[in-house]
2 protein chains.
Amino acid sequence: MQAVLSAIADDRRREILRLVQFEERSAGDIASHFDVSRPAISQHLTVLRTAGLVSERRDGNRRMYRANREALSEVREYIEEFWTDNLARLKAAAEKESNER
Amino acid sequence: MQAVLSAIADDRRREILRLVQFEERSAGDIASHFDVSRPAISQHLTVLRTAGLVSERRDGNRRMYRANREALSEVREYIEEFWTDNLARLKAAAEKESNER
DNA sequence: GATCTATGTAAGCACTGACTTACATAGATT
DNA sequence: AATCTATGTAAGTCAGTGCTTACATAGATC
């Protein structure tokens, strides 16, 4: 979860995620949307891929990227745990907490 | 949203959030749970408070902190937007995206 | 097969951020 | 009022990160 959270804590990487949310795009295509260097975007893509937030596919010369929403499941559950008023969840979280201390 | 995401992207701060999720705690009480210096925790609390993730209340000498789950609403919506298969959401997000480019 | 195209990797730099110790301050206690 | 207690703030250090330019490499094209 740490990797996912720090990955999406960056503005640029969230923009990249939006770009590949609905369609696969090549690294170059993605980079063309930004005014930083292409290697910078390549490095962001590595961070996103390492966190599992995007999947990579080779297509000849190019590398195609696409968002992988499964990667957000853990973070989603974490957020929901704090957000909801569901007593069962809160209780479970409380027990989890006391166990870990 | 940026502030909230980078705030919760830190392990220590997520632990602090868990500590004050169900009960109000003083800064010193919180700090006693960790093996870093008290000022370090004070600085983390400032980050969390600035992001709106905790509320602060003066009680005589002490400052009492408590998690504020409202702060997560924006992030929650962001995550849900990526997570769910809800077509309406996806469509709205796509339109939002094209408008912003 | 020489060259072009798309892309990742390496090395270095500037900035940020988490931590430390030292200090300041406001409220409680004696 | 002197002192203690709880806490924030200041200044400095060190590691991490986002960026750059230069280089490497694999696949496409001539």
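Side chains are part of it too, since the values below use all heavy atoms of this structure and drop only hydrogens, waters and symmetry mates. Just so we're on the same page: letters track the sequence lines, and every chain starts at 1.
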Asks: Hey, could you give me the CG/CG distance between L72(A) and L5(A), rounded to the nearest 0.5 Å?
Replies: 9.0 Å
Asks: Closest nucleotide of DNA chain D for N61(A) versus for A40(A): which of these residues is on the 5' side?
Replies: A40(A)
Asks: Starting at CG of D35(A) and ending at P of dT20(D), how long is that distance when rounded to a whole Å?
Replies: 8 Å
Asks: Distance check, rounded to the nearest 0.5 Å: R12(A) atom CZ versus D35(A) atom CG?
Replies: 6.0 Å
Asks: If only side-chain N and O atoms of S37(B) are considered, is one of them under 4.0 Å from the OP1 or OP2 phosphate oxygen of dT20(C)?
Replies: yes
Asks: Would you say T46(B) reaches dG8(D)'s phosphate, i.e. side-chain N/O to OP1/OP2 under 4.0 Å?
Replies: no
Asks: If you check every side-chain atom of Y65(B), which of dT7(C), dG8(D), dC19(C) has the closest atom?
Replies: dG8(D)
Asks: Tell me the interatomic distance from I41(B), atom CD1, to dG17(C), atom P, rounded to whole angstroms.
Replies: 17 Å
Asks: Taking atom P of dA6(C) as reference, at what distance in whole Å does atom CZ of R57(A) sit?
Replies: 16 Å
Asks: I need the CZ-P distance between R58(B) and dG8(D), as an integer number of Å.
Replies: 8 Å
Asks: Grab the CZ-P distance between R13(A) and dT17(D) for me, whole Å please.
Replies: 9 Å
Asks: Could you give the CD-to-P distance, from Q43(B) to dA6(D), as a whole number of Å?
Replies: 20 Å
Asks: Once hydrogens and angles are ignored, does a donor-acceptor distance under 3.5 Å link the base of dG8(C) to the side chain of R38(A)?
Replies: yes
Asks: Evaluate whether atom CZ of R57(A) has more than 12 neighbouring non-hydrogen atoms of other residues, nucleotides or ligands under 6.0 angstrom away.
Replies: yes
Asks: Let's see if you can work this out: which of dT7(D), dG8(C), dT20(D) has an atom nearest to the side-chain heavy atoms of E56(A)?
Replies: dG8(C)
Asks: Looking only at side-chain N and O atoms, does H44(A) come under 4.0 Å of OP1 or OP2 in dC19(D)?
Replies: yes
Asks: Looking at E15(B) and R13(B), is any side-chain nitrogen of the basic one under 4.0 Å from a carboxylate oxygen of the acidic one?
Replies: no
Asks: Give the rounded distance in Å between these two atoms: CG of L48(A) and P of dT17(D).
Replies: 14 Å
Asks: Using the closest heavy atom to pick a nucleotide of DNA chain D for each, name whichever of G60(A) or R49(B) lands nearer the 5' end.
Replies: R49(B)
Asks: Taking the side chain of R63(A) as heavy atoms from C-beta outward, which of dG18(D), dC19(C), dT7(C) is closest to it?
Replies: dT7(C)
Asks: Salt bridge check: are R76(A) and E74(A) linked by an N-O gap of less than 4.0 Å?
Replies: no
Asks: OP1 or OP2 of dC19(C) versus the side-chain N and O atoms of R12(B): is any pair under 4.0 Å?
Replies: yes
Asks: Rounded to the Å, how far apart are D10(A) CG and dC15(C) C1'?
Replies: 14 Å
Asks: Which nucleotide sits closest to the side chain of P39(B): dT7(D), dT21(C), dT7(C)?
Replies: dT21(C)
Asks: Could you work out which one of dT7(D), dT7(C), dT21(D) sits closest to the side chain of A27(B)?
Replies: dT7(D)
